[in-house]
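A short write-up of the structure that comes next.
Hydrogens, waters and symmetry mates play no part in the numbers below; they use all other heavy atoms, side chains included. As the structure is a prediction and not an experimental result, all values here were calculated from the model. All chains are named by letter (A, B, ...) in the order of the sequence lines, taking the proteins before the strands, and each is independently numbered beginning at 1.
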There are 2 protein chains.
Amino acid sequence: MTSARSRKSGRARDERPERGIPEATVARLPVYLRALTTLSDSDVATASSEDLATAAGVNSAKLRKDLSYLGTYGTRGVGYDVNYLRYQIAREIGLTQDWSVVIVGIGNLGHALANYSGFASRGFQVAALFDVDPERVGEVVGDLKISALADLEVIVRESAVAIGVIATPAGAAQGVCDQLVEAGVSSILNFAPAVLTVPGHVDVRKVDLSIELQILAYHEQRKAHGFGALEAGAL
Amino acid sequence: MTSARSRKSGRARDERPERGIPEATVARLPVYLRALTTLSDSDVATASSEDLATAAGVNSAKLRKDLSYLGTYGTRGVGYDVNYLRYQIAREIGLTQDWSVVIVGIGNLGHALANYSGFASRGFQVAALFDVDPERVGEVVGDLKISALADLEVIVRESAVAIGVIATPAGAAQGVCDQLVEAGVSSILNFAPAVLTVPGHVDVRKVDLSIELQILAYHEQRKAHGFGALEAGAL
DNA sequence: ACGATTTTGTTCTCGCGTTCACAAACTTCT
DNA sequence: AGAAGTTTGTGAACGCGAGAACAAAATCGT
Ligand SMILES: NC(=O)c1ccc[n+]([C@@H]2O[C@H](COP(=O)([O-])OP(=O)(O)OC[C@H]3O[C@@H](n4cnc5c(N)ncnc54)[C@H](O)[C@@H]3O)[C@@H](O)[C@H]2O)c1
Ligand SMILES: NC(=O)c1ccc[n+]([C@@H]2O[C@H](COP(=O)([O-])OP(=O)(O)OC[C@H]3O[C@@H](n4cnc5c(N)ncnc54)[C@H](O)[C@@H]3O)[C@@H](O)[C@H]2O)c1
């Protein structure tokens with residue numbers, strides 16, 4: 001109802017481009033970015049939507065529609081310039097700037113995350129590591145020293161950290177979350193199996209391994225049950 | 001090509017009743033299960049949809065609709081019996097049986113996963129660990145010894161492993177995936193940033209940390225722009 | 001120059017998922 | 001027992017996303 005720019009006549013009045021990209025599309029852009037990077041590394045200069053879609057594991061119509069939300073970056077009859085499109089997606093996602101990240105809870109998982117090189121290569125700088133355990137504070141992981149929780153607020157503010165990663169036990173997650181938010185963090189990635197409550201301006205995403213396994217188990221169970229007995233009976 | 005090729009394959013009138021639960025619901029059931037477990041541990045006997053929804057971080061109407069796909073397990077005017085509902089959900093997901101899991105690629109992340117106790121407590125038994133690196137084979141992690149990739153097929157078949165976890169570098173993921181599928185694994189959880197191609201009967205779920213961070217970055221960038229262009233001066 | 005060919009950008013339709021709203025079903029109070 | 005109060009289960013409305021299909025725009029061959 002409100003989108004009054006379906007026609008392509010150049011009405012560039014006060015009509016803002018309205019930067020809203022559908023969530024489902026936002027979630028796929030990083031996948032396209034990865035595919036483009038791979039192609040670029042193989043010295044592929046241009047790629048069709050079909051090529052890209054295959055590399056990204058999606059339908060080509062979906063890919064084209066996704067890209068159309070960003071702008072008109074392709075050339076009909078030719079395809080997309082790999083490096084140009086790569087830049088445009090990166091810009092859209094916000095990867096032309098670096099982001100500072102802190103990780104809280106440096107146990108099994110926290111160590112793995114802190115040692116992961118895939119962060120920096122995508123523009124995410126791990127600015128600090130925190131743990132509540134006095135035994136752990138001071139330990140060096142990667143090229144960082146684990147800091148005490150008490151220093152969280154100062155460090156977060158000084159490094160302009162926008163993203164916090166929670167890798168503590170579930171019971172501590174809400175408390176840590178509150179501290180991060182208090183310190184000014186407005187995006188949180190939560191690995192703890194706990195529901196976090198945050199103010200409206202804060203984004204939370206969760207990664208829950210157990211849930212993933214349970215979803216797989218559900219389908220696995222159905223495969224086992226379904227195709228055994230009641231395959232013959234339709235109706 | 002041809003113009004009149006629109007074969008509208010009219011779906012047959014049979015349509016089996018198909019005990020299918022919507023995917024979105026399946027993904028939330030584990031969350032409800034967790035909330036119920038927490039309530040049960042607090043000796044709460046019954047809970048209303050409102051209580052449960054709050055604990056699970058969802059809308060109560062959504063929760064009720066989700067549960068209605070499983071059956072009629074609530075009592076109007078009262079709510080749900082916590083332990084009864086917990087059992088019903090567990091049964092539906094397939095958690096009344098144990099599942100064997102193997103992890104391939106015991107590096108930073110693989111170690112964390114192998115040491116994670118949250119698996120066993122939810123009915124997922126880690127049956128074996130694999131790595132291609134001869135230096136790593138034989139190393140003990142948790143209470144398991146890392147096996148050689150060559151033994152994958154035999155071990156998977158002997159332990160009736162249905163679920164495989166891939167924690168190798170991206171370049172090795174497809175190869176490992178093929179080996180797992182070849183050995184009979186039909187559900188895969190992939191941590192490597194790579195698109196996996198599998199036969200139709202195999203389920204793949206991916207966990208991609210970088211994508212999560214990029215999605216957060218996108219929203220973070222939008223928040224910043226919305227309030228007008230502030231200078232980039234941090235510190 | 002121009003038609004054949006390729007491939008994008010977009011429209012249209014359909015199905016899924018979310019949410020509202022309310023009758024039905026159960027409990028409690030009088 | 002009957003009225004009042006609770007809470008479930010679900011029908012219906014609605015919005016979003018997926019995919020098919022196609023017109024528009026670009027290149028290529030002659
Ligand atoms: N390890 C895995 O593979 C894995 C997989 C899925 C989910 N998880 C989840 O990730 C989280 C971390 O798992 P883990 O295996 O690393 O656990 P862990 O016990 O090894 O590490 C937790 C760390 O958090 C620290 N901590 C506790 N309370 C804290 C607080 N208030 N502030 C700061 N630090 C605090 C502890 O000192 C410890 O170092 C858990 O919630 C777990 O359920 C882990
Ligand atoms: N560490 C993290 O926090 C993190 C976060 C997100 C994603 N990932 C992804 O998870 C994967 C593993 O990360 P990591 O940090 O543990 O890497 P890593 O290099 O520490 O470990 C990879 C392991 O896989 C083994 N391996 C390599 N090829 C193999 C093969 N063909 N078969 C079996 N094993 C093989 C290696 O020997 C090594 O032990 C990577 O794809 C990474 O991008 C890791």
Side-chain angles (χ1 to χ4, degrees), chain A residues 1-10 17-18 20-29 31-32 36 39 44-82 84-85 88-89 215, chain B residues 1-11 15 18 20-29 31-32 36 44-82 84-85 88-89 215:
Chain A
M1 309 337 174
T2 54
S3 74
R5 52 190 169 80
S6 46
R7 238 35 194 157
K8 61 178 173 181
S9 48
E18 190 60 47
I21 296 178
E23 263 310 299
T25 297
V26 171
R28 281 187 294 267
L29 290 178
V31 181
Y32 303 156
L36 286 165
L39 289 173
V44 176
T46 62
S48 69
S49 62
E50 201 68 50
D51 298 337
L52 276 176
T54 303
V58 301
N59 178 295
S60 70
K62 195 193 300 194
L63 180 135
R64 287 200 300 278
K65 190 178 233 187
D66 283 341
L67 295 184
S68 77
Y69 290 115
L70 311 193
T72 303
Y73 298 134
T75 306
R76 296 174 190 223
V78 177
Y80 300 89
D81 181 292
V82 170
Y84 181 59
L85 181 58
Q88 292 298 343
I89 294 180
I215 294 171
Chain B
M1 304 295 188
T2 56
S3 52
R5 204 160 175 300
S6 57
R7 164 100 73 216
K8 274 281 172 73
S9 66
R11 60 196 90 94
E15 274 340 301
E18 192 63 42
I21 297 179
E23 262 311 298
T25 297
V26 171
R28 281 187 295 266
L29 291 178
V31 180
Y32 302 155
L36 286 165
V44 176
T46 61
S48 70
S49 62
E50 202 68 51
D51 298 338
L52 276 176
T54 303
V58 302
N59 179 295
S60 71
K62 194 191 299 195
L63 180 134
R64 286 199 302 277
K65 177 148 274 197
D66 282 342
L67 295 184
S68 77
Y69 290 115
L70 311 194
T72 303
Y73 298 134
T75 306
R76 296 175 189 223
V78 178
Y80 300 90
D81 181 293
V82 170
Y84 181 59
L85 181 59
Q88 293 298 341
I89 295 181
I215 295 171

### Task
Specify the separation, in whole Å, of atom CD of Glu50(A) and atom P of dT7(C).
9 Å
### Task
Give me the bend of the helix from dA1(C)-dT30(D) to dT30(C)-dA1(D), using the axes of the five pairs at each end, rounded to 10°.
0°
### Query
Who passes side-chain hydrogen bond (donor to acceptor under 3.5 Å, both in side chains) against Tyr73(A), sequence neighbours left out?
Gln88(A), Arg91(A)
### Task
Could you check how far CG of Leu85(A) sits from C1' of dT8(C), rounded to whole Å?
12 Å
#### Entry: Minimum heavy-atom distance Ser60(A)-Ser49(A), with the two atoms named
CB-O, 3.9 Å
### Message
What's the separation between atom CG in Leu70(A) and atom CD1 in Ile21(A), rounded to the nearest 0.5 Å?
### Response
5.0 Å
### Query
Can you check the Tyr73(A) OH to dT7(C) C1' distance for me, whole Å?
19 Å
### Message
Expressed as a whole number of angstroms, how long is the span from Tyr80(A):OH to dA26(D):P?
### Response
14 Å
### First encountered from the 5' end of DNA chain D, between Gly79(B) and Pro22(A)
Gly79(B)
### Query
In whole Å, what is the span from the CG atom of Leu70(B) to the P atom of dT8(D)?
15 Å
### Query
For the pair made of CD in Glu23(A) and P in dC16(C), what is the distance, rounded to whole Å?
22 Å
### Query
To the nearest 0.5 Å, how far apart are OG1 in Thr25(A) and NZ in Lys65(A)?
8.5 Å
### Task
Measure across Tyr80(A) and Ser48(A) and return the closest heavy-atom pair with its distance rounded to 0.1 Å.
CD1-C, 4.4 Å
### Task
Measure from NZ on Lys62(A) to P on dT10(C) and round the result to the nearest Å.
19 Å
### Message
Is the phosphate of dG17(D) approached by Tyr69(A) (side-chain N or O, under 4.0 Å from OP1 or OP2)?
### Response
no
#### Entry: Phosphate OP1/OP2 of dT7(D) contacted by Ser49(B) side-chain N/O (<4.0 Å)
no
### Task
Would you indicate whether the side-chain heavy atoms of Thr46(A) and Thr75(A) approach each other to under 4.5 Å?
no
### Message
Could you report the tightest heavy-atom contact between Asp66(B) and Tyr32(B), atom names first, then the distance?
### Response
OD2-OH, 2.5 Å
Short heteroatom pairs, N/O only, protein and nucleotides 20-26 of chain C, under 3.5 Å:
| from | atom 1 | to | atom 2 | distance (Å) |
| --- | --- | --- | --- | --- |
| dA21(C) | N6 | Arg64(B) | NH2 | 3.4 |
| dA24(C) | N3 | Arg76(B) | NH1 | 2.7 |
| dC26(C) | O4' | Arg76(B) | O | 3.3 |

### Message
Need to verify one output field. Residue with the more 5' nearest nucleotide on DNA chain D, Thr25(A) or Ser48(B)?
### Response
Ser48(B)
### Query
Which of the following nucleotides, dG17(C), dG9(C), dG17(D), is nearest to the side chain of Ala24(B)?
dG17(C)
### Query
Distance from Ile89(A) atom CD1 to Leu67(A) atom CG, nearest 0.5 Å?
5.5 Å
### Task
Rounded to the nearest angstrom, tell me the gap between atom CG in Asp66(B) and atom P in dT8(D).
14 Å
### Summary
CZ (Arg64(B)) and CG (Asn59(B)) are apart, to the nearest 0.5 Å, by 8.0 Å
